[in-house]
Amino acid sequence: MEPLAVYVHFPWCVRKCPYCDFNSHPLKHTDNFAAYCEALWRDWQQQHNDADLTQHTVDTVFLGGGTPSLFGAEHMHTVLDRLGIHSATEVTMEANPGTTEHASFADYRSAGVNRLSLGAQSFQDEHLSKLGRIHQAQDTLSAFEQARKGGFDNINLDVMWGLPGQSVDEALADLNTAIALGSEHISWYQLTLEPKTEFYRRPPLLPVEDTLAAMEKYGLELLAEHGYERYEVSAFARQQRYCQHNLNYWSFGDYVGIGAGAHGKLTTSQGDGLSIVRTQKASQPRLYQQDSALTQNYPVKEAERPLEFMMNVLRLVQGVPRQLYSERTGLPWHTVQASWQRLEKQGLVDPERCATTPLGLRYLDSVLAEFMP
Ligand SMILES: C[S@@+](CC[C@H](N)C(=O)[O-])C[C@H]1O[C@@H](n2cnc3c(N)ncnc32)[C@H](O)[C@@H]1O
Ligand code: SF4
């Protein structure tokens with residue numbers, strides 16, 4: 001049986017954060033969670049049949065959003081039951097600290113969720129307020145404590161840095177709080193201004209380059225000092241508690257995506273080569289619920305595969321063995337050999353593995369530019 005990664009999207013939030021470009025919509029009283037869960041079920045059944053996934057067992061599940069924790073444990077139980085996740089090794093759920101009824105952590109745990117990802121963002125109320133968050137620092141601290149009591153021994157904290165008006169000390173104080181909580185994993189994201197967001201339309205004053213460089217330098221040192229291994233650009237794990245689901249994305253693996261706007265990627269043999277197709281569901285929850293079969297298919301052309309592959313695997317600090325390139329893209333290594341040699345001469349990539357050097361990781365955008373079709 002082949003292992004399968006499944007992403008499930010929950011498209012609602014209490015309020016839209018001004019920096020966020022995820023497919024998330026402010027919750028209205030007419031939105032119906034039970035109907036949405038039914039649509040997820042139809043979507044799953046259809047994709048399962050179409051792609052003949054009977055030879056696969058679900059290995060990792062990521063319940064992402066939006067804010068999945070708005071749905072409550074009972075709906076989550078139904079969704080997970082129908083996916084048949086009994087074989088899954090990792091089932092992650094994203095939770096906004098402002099939406100978790102603490103009593104329900106144990107219920108999420110019994111529904112099959114075994115990894116929690118809390119959107120802390122910052123531990124300073126002033127910054128949370130500027131980010132338009134619905135929660136305060138104290139909410140994250142108590143959600144964390146209650147999650148531990150509810151049986152979660154694998155918790156990620158999302159923390160952002162480079163916030164409007166943030167000083168180096170404030171960014172490091174946020175990391176120190178996350179470290180003191182002792183989460184198994186920290187996702188430490190630099191705030192970016194994404195098109196189609198409120199922050200993009202009306203940009204806040206962000207820290208200057210020198211301040212950002214200092215935040216990054218000292219932040220990376222602090223995480224390392226406390227045993228958080230950087231294994232991907234923004235992902236840090238203690239005691240090898242890596243996110244298995246994301247490792248599959250970063251290894252250019254396949255996955256099924258269900259839910260409004262969810263993406264998937266499926267590879268099949270075709271003659272001597274491989275066919276790689278990316279899928280995307282309708283983004284609007286209402287449209288998705290009307291017809292969960294509605295899917296856009298985007299075949300990944302051979303010319304696009306080198307960049308797509310490198311964009312994922314070179315985010316991993318250790319990269320991947322070279323042979324994975326041909327296994328996952330269906331192309332021989334010599335299709336990237338010339339680019340690789342140029343980058344190697346500049347000290348940006350590893351001579352043996354398909355990986356960057358520490359310098360290459362710092363200048364990842366320039367490295368990736370070599371693989372543009
Ligand atoms: C889907 S959200 C996580 C769960 C939940 N919706 C929440 O915000 O609490 C994924 C994470 O991406 C990060 N993120 C979102 N927009 C970002 C941006 N513009 N720049 C950097 N990180 C961002 C945040 O840390 C956020 O927690
Ligand atoms: S709560 Fe999370 S998904 Fe929702 S708008 Fe804010 S950052 Fe985006």
Side-chain angles (χ1 to χ4, degrees), residues 7-28 31 61-72 76 92-101 105 108 113 115-124 127-144 147 152 155-164 166 171 174-175 177-178 183 185-204 206-207 212 215-216 219 232-236 243 245-246 249 257 259-263 283 285 315:
Y7 175 80
V8 191
H9 192 72
F10 296 86
W12 288 290
C13 294
V14 173
R15 190 164 79 200
K16 184 83 188 174
C17 303
Y19 55 86
C20 173
D21 77 337
F22 285 81
N23 181 32
S24 60
H25 307 264
L27 189 65
K28 294 194 294 289
D31 295 321
V61 180
F62 199 97
L63 307 161
T67 309
S69 52
L70 277 177
F71 273 63
M76 218 45 92
T92 303
M93 183 181 79
E94 287 185 331
N96 181 322
T99 63
T100 47
E101 308 151 46
F105 280 118
Y108 282 124
V113 180
R115 184 171 182 273
L116 196 72
S117 178
L118 277 177
Q121 319 309 350
S122 169
F123 292 95
Q124 289 152 49
H127 285 297
L128 289 171
S129 155
K130 282 195 216 160
L131 290 171
R133 298 292 298 184
I134 58 165
H135 75 279
Q136 298 199 318
Q138 185 53 43
D139 297 323
T140 311
L141 302 180
S142 48
F144 191 92
F152 280 95
I155 304 182
N156 168 58
L157 291 169
D158 280 344
V159 178
M160 293 195 295
W161 60 280
L163 306 180
Q166 191 179 41
D174 277 346
L175 272 185
T177 309
S183 65
H185 195 285
I186 296 178
S187 298
W188 194 47
Y189 299 116
Q190 179 176 3
L191 176 70
T192 52
L193 301 184
E194 301 295 336
K196 297 194 197 144
T197 62
E198 189 55 33
F199 271 10
Y200 193 81
R201 282 187 288 275
R202 266 178 262 170
L206 296 181
L212 290 171
M215 279 178 190
E216 185 172 26
E232 188 264 352
V233 173
S234 311
F236 301 79
C243 176
H245 185 85
N246 287 344
Y249 293 149
H263 296 258
S283 300
R315 294 187 65 85

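Counting starts at 1 for both ligands and their atoms, in listed order. Heavy-atom basis, side chains included; hydrogens, waters and symmetry copies ignored. The shown structure was predicted, so the numbers you read here are calculated from the model rather than taken from an experiment.
Listed by atom number, the atoms of ligand 1 under 4.0 Å from G66 heavy atoms are 5 (C), 6 (N). Each of the atoms 9 (O) of ligand 1 lies under 4.0 Å from some heavy atom of G119. Each of the atoms 20 (N), 21 (C) of ligand 1 lies under 4.0 Å from some heavy atom of L191.
For atom 15 (C) of ligand 1, the closest non-hydrogen atom on the protein side is F22 CE1, 3.4 Å. Counting only heavy atoms of the protein, atom 3 (S) of ligand 2 lies nearest to G66 N, 3.4 Å. Closest protein heavy atom to atom 24 (C) of ligand 1: Q121 OE1, 3.4 Å. The closest protein non-hydrogen atom to atom 20 (N) of ligand 1 is T192 N, 3.1 Å. Nearest protein neighbour of atom 13 (C) of ligand 1, counting heavy atoms only, is Y189 CD1, 3.8 Å. At the top of the distance list for atom 1 (C) of ligand 1, counting protein heavy atoms only, stands G65 O, 3.0 Å. With hydrogens left out, the protein atom closest to atom 8 (O) of ligand 1 is R133 NH1, 2.9 Å, a heavy atom.
Note: W188 CH2 to S234 OG = 9.5 Å, rounded to the nearest 0.5 Å. Taking CZ from F10 and CE from M76, the interatomic distance works out to 4.0 Å, rounded to the nearest 0.5 Å. Remark: F105 CZ to I155 CD1 distance equals 7.5 Å, nearest 0.5 Å. Once rounded to the nearest 0.5 Å, the distance linking CZ of R201 with CG of L193 reads 12.0 Å. To the nearest 0.5 Å, the span separating CG on L63 from CG on L116 amounts to 10.5 Å.
Counting only heavy atoms from C-beta outward, the side chains of P164 and L191 approach each other to under 4.5 Å. By the 4.5 Å heavy-atom criterion applied to side chains, K130 and P204 are not counted as neighbours. Side chains of M93 and Y108 form a contact here, defined as non-hydrogen atoms less than 4.5 Å apart. Contact annotation: the side chain of R15 never approaches that of P26 to less than 4.5 Å [non-hydrogen atoms, C-beta and beyond].
Contact annotation: for D158 versus ligand 1, heavy atoms closer than 4.0 Å belong to the side chain alone.
On a distance-only criterion, M160 and ligand 1 share no N/O pair closer than 3.5 Å. Any N or O atom pair closer than 3.5 Å counts here, and E94 shares no such pair with ligand 1. Close N/O approach between Y19 and ligand 1 is found [any backbone or side-chain N/O within under 3.5 Å].
Using a 4.0 Å heavy-atom cutoff, Q190 is listed among the residues neighbouring ligand 1.
In this structure, the side chain to side chain donor-acceptor pair (under 3.5 Å) partners of T192, at least two apart in sequence or on a different chain, are E194.
Here atom 6 (Fe) of ligand 2 has protein N, O or S atoms under 2.8 Å from it, and they come to 1.
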